[in-house]
Amino acid sequence: MVMTGWQWFWTLVGFLLLILALTFLYFFPPFEALVNIVLNGFTFQNSVFWVTVIIGLLGFCAFHWSAYKTYIRGQGSVESMVLTSLRGSTFTAVLLSAGAALQAVQNACVYLLQTGYTFDGGFGKQVGTIIALVVITGVFCIIFWLLKLIRPVKA
C-alpha cells in the first residue's frame, strides 16, 4: 500500500494539528489544574513514574520497529502491522498507567510516614488517586486482552 500525495499531505496536517493541540494543552492553565486535581501529587520528583515513562517510550519504539520489520518488510501485511501496533500501544498504556498507580502508592506511603499524619482529606485524595489509576490500568488490560483475541484476516 503506497500513500498518495494527498494522503501524505493530510497525514502531515494531522500531525501538525496534534502537535499544536498538545502545545496548547501544555500551556493552558485550566488543563494543568485539571491534571493536578485528577492526579494529585504528581511532580517531576516522582522517580518511579518517570522511569516507567522512559521504559515505556523505549519499549514502544522498539516494539513498533520490530513489528514494521516483520509485517511490512517481511510479509507485506498492513492489517497485521496495524493490529500489532494497537497491541503494542495498549501494552504501553498498561505499563504507563500501572507505573502511575505504583507512584501513587509510593506517594501515599510517604504521606503516611510523615510525623503527625492523620486520616484526613489529603489521605482521601491519595487513596482516590490510587483507585482511579488502578481502574484505568484494568480498563487498558481488558482492551489489551480483547486485542489479543482478534486475528487478522488471511489473504
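Positions are given from 1 along the sequence. All values below come from the heavy atoms of this structure, side chains included, with hydrogens, waters and symmetry mates left out.
- Here the side chain of Thr92 pairs a donor or acceptor atom with the backbone of Gly88 at under 3.5 angstrom.
- Ring orientation note: the planes of Phe91 and Phe144 are tilted relative to one another, at an angle of 30° to 60°.
- Here OG1 of Thr90 is found 12.5 Å from CD1 of Ile142. Values are rounded to the nearest 0.5 Å.
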Enumerate donor-acceptor pairs with a distance under 3.5 Å from any side-chain N or O in residues 130-140 to protein atoms, sequence neighbours excluded.
unit_1, atom_1, unit_2, atom_2, d
Thr137, OG1, Ser97, O, 3.4
Thr137, OG1, Ser97, OG, 3.0
Thr137, OG1, Ala98, N, 3.4
Thr137, OG1, Leu133, O, 2.8

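- Between Leu102 and Thr52, the closest side-chain pair of non-hydrogen atoms is not below 4.5 Å.
- Rounding to the nearest 0.5 angstrom, the gap separating the OG atom in Ser89 from the CZ atom in Phe63 is 8.0 Å.
- Rounding to the nearest 0.5 angstrom, the gap separating the CD1 atom in Ile143 from the NZ atom in Lys148 is 15.5 Å.
- Under the ring-ring contact (aromatic ring centres under 6.0 Å, His included) criterion, Phe60 pairs with His64, sequence neighbours left out.
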- Query: Please walk me through it: do Leu95 and Ile55 pass side chain to side chain contact (heavy atoms under 4.5 Å, CB included)?
  - Reply: CA-CA 9 Å; Leu95 179 68; Ile55 291 171; 4.2 Å; yes
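- The structure places CG of Leu147 at 10.0 Å from OG1 of Thr84, a figure rounded to the nearest 0.5 Å.
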